[in-house]
Amino acid sequence: MAGPWPLLRSILRNCVAGTLVGVTVNDRYASVVTVRGTSMNPTLEPQQGDRALVSRLCLDARYGLSRGDVVVFRSPTEHRSLVVKRLIALPGDWIQVPAAQEIRQIPVGHCWVEGDNPDVSWDSRSYGPIPLGLMQGRVTHIVWPPNRIGPVERKMPEGRVMQQ
Amino acid sequence: MSGLARRLGGIPWREIAGEAFSRVFLVAQAVCAVHVVNAHVCSFALVMGPSMLPAMNLAGDVVAVDRVSARLGRVASGDAVLLVSPEDPRKAVVKRVVGMEGDAVTFLVDPGNSDASKTVVVPKGHVWVQGDNIYASRDSRQFGPVPYGLITGKIFCRNPGLSLYLYLSEPTFFYPFAPEFIEDGMHILRFL
């Protein structure tokens, strides 16, 4: 059959195939996110247009998230937005909350997240520990801009967390 | 020796490689399509446990899970939902939404032993979930309101006939009063 249909059909088929593969890779292996908000300065800086590589391999049955990882999770108050913070404490740990002058234990299945820029960060110090089920991945590298390409290191605040 | 080399040279390696690659790519596309439908459109799940009696069977029910509604935020009070357990992120549980954000929920604290009840206002972005069988359910009465982001799908269909077949074929599935757990119909994809 002559005309544009064979070409259009093949283009459409390739687009559908590419979309399926792209969505699967995005959900299961790795994804790239654009950082907005300054709560993770200086690790992630949105004014330079940082884009971060998020690894989803840590979400398997072994749940390979460690203390000090920068993680991406669904906001506990707005399920449509993704939030980037640093994971400070895992279930069973004791954490010192300086503002409330208290020490809290993280309940089972939950974790404590804090931003690297404590003055502007809205995190577990306000809304408490969040369920690990909200986690959507771990930030492993910055991939843009070129002068900031590199791994994102694991870091822990001094003397605030006592591990189980 | 040279006869063997000539025969090896005569085999159309490039075509075989091309066809093998396109077959593998087709299989990969099929697997990706299954993942996309399973995770974003609709999925099956096997539900067992006592916490949703009488709506769902103790020994196991196959249910259909609507992923689109949950993602769009179209979950309301009275819906049975599939959510990630706030106590163990590796487990998924089925409960019913009793209150959305802003609702005041009144519940019996310990229905088997006393008549005491409590009223709680559900905070922003959270939902209050309870099992239909409040005597044998671990839900928001124990672990508090859960963030909406933990909801992965809305249950919309149930097939008890299939569950009876599963019970007869796998008698070890029957655990009375075991913690409710759920088996994703496409769990074979976890190996990828």
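To find a chain, count down the sequence lines: A is the first, B the second, and so on, and within it residues start at 1. For clarity, every value in this text was computed on a predicted model and none was experimentally measured.
The shortest distance between side-chain heavy atoms of Leu134(A) and Pro147(B) falls below 4.5 Å. Looking at heavy atoms from C-beta onward, Asp27(A) lies in side-chain contact with His40(B) at the 4.5 angstrom threshold.
Under the 4.5 Å side-chain heavy-atom criterion for ILVMFWY residues, a single connected hydrophobic cluster contains both Leu82(B) and Val47(B). Ile134(B) and Val146(B) fall into different hydrophobic clusters, where Ile, Leu, Val, Met, Phe, Trp and Tyr residues are linked whenever their side-chain heavy atoms come under 4.5 Å apart, directly or through other members. In the hydrophobic clustering of ILVMFWY residues, with side-chain heavy atoms under 4.5 Å counting as a link, Phe73(A) and Leu150(B) come out together. Under the 4.5 Å side-chain contact rule for hydrophobic residues, Leu59(A) and Val71(A) share a cluster. Hydrophobic clustering (side-chain heavy atoms under 4.5 Å, transitive across Ile, Leu, Val, Met, Phe, Trp, Tyr) groups Met40(A) together with Val72(A).
At a heavy-atom separation below 4.5 angstrom, chain A is approached by Ala70(B), Arg71(B), Leu72(B), Gly73(B) within residues 68-76 of chain B. Residues from residues 4-24 of chain B never place a non-hydrogen atom less than 4.5 Å from a non-hydrogen atom of chain A.
For Cys32(B), the side-chain contact (heavy atoms from CB on, under 4.5 Å) criterion is met by Leu20(A), Val21(A), Thr24(A), not counting sequence neighbours. Taking Glu114(A) as the reference, Trp112(A), Arg160(A) meet the side-chain hydrogen bond (donor to acceptor under 3.5 Å, both in side chains) condition, with sequence neighbours excluded.
No more than 12 heavy-atom neighbours from other residues, nucleotides or ligands sit within 6.0 angstrom of CG on Asp115(B).
Of the listed residues (Gly125(B), Pro123(B), Ser85(B), Ala28(B)), the greatest number of heavy-atom pairs within a distance under 4.5 Å of chain A belongs to Gly125(B).
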